[in-house]
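Reviewing the structure listed below.
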Amino acid sequence: MIIIRIHTLDHSPSEFEGTEPMSFLDVEDDGMMSFPSDVHYQLRATLVSGGVLVEGLVGTRIAAQCGRCLKTFERDVVNDKVCHFYENENITSDDLDISEDIREDLLLNLPLNPLCDDECKGFCPHCGVYLNDSPCVCKLENNDDDDIWDDLNKIKFEK
Ligand SMILES: [Zn+2]
Ligand SMILES: [Zn+2]
């Protein structure tokens, strides 16, 4: 849990940082993505007019399989634009629990369709060549003939 003690705050920013175990994120391991390290946060909280301002960053590391080339890769995922304002009237105790907000800040930055690289070309569906290393030959040889036959087959089956 990430708790801010309101009485320790000041009108100048108070820096605080720490780590939370992966369970903090409460995401199910679906086999597509795993989390080899803890969640790390670096935040600063400031008393401002009408409430408390919390800014900073939260991040972790993901291990995932590329959706295009199936290679496993690791990458840091960081949200450095954490920014929350808590109004005084909504702060009911000296311990302000910001866990849920910080959790969402990080979840929002997890890729839905992880790619080892945005430019990853994956495999050619026809010849299976790994396109990141070498260009594919079959594309040069036949000009999408397969697609035409596929369409004809579909028409046949639909009738
Ligand atoms: Zn890839
Ligand atoms: Zn090919």
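As the structure lists them, so they are numbered: ligands from 1, and atoms in each ligand from 1. Along the sequence shown, residues carry numbers from 1.
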(message) Can you classify the ring geometry of Tyr130 versus Phe123 as parallel (below 30°), tilted (30 to 60°) or perpendicular (above 60°)?
(response) tilted
(message) Report whether any nitrogen, oxygen or sulfur of Cys127 sits less than 2.8 Å from the Zn ion (ligand 2) (N, O or S, backbone or side chain).
(response) yes
(request) Could you tell me whether Arg61 and Asp76 have a side-chain N and a carboxylate O separated by less than 4.0 Å? (result) yes
(message) Tell me the angle that SG of Cys136 and SG of Cys138 form around the Zn ion (ligand 2), rounded to 10°.
(response) 100°
(request) Identify the residue among Val78, Thr60, Thr19 that makes a side-chain contact (heavy atoms from CB on, under 4.5 Å) with His40. (result) Thr19
(message) Between Arg68 (side chain only) and Cys120 (backbone N and O only), is there a donor and an acceptor less than 3.5 Å apart?
(response) yes
(message) To check your reading of the site, what angle at the Zn ion (ligand 1) do SG of Cys69 and SG of Cys120 form, to 10°?
(response) 110°
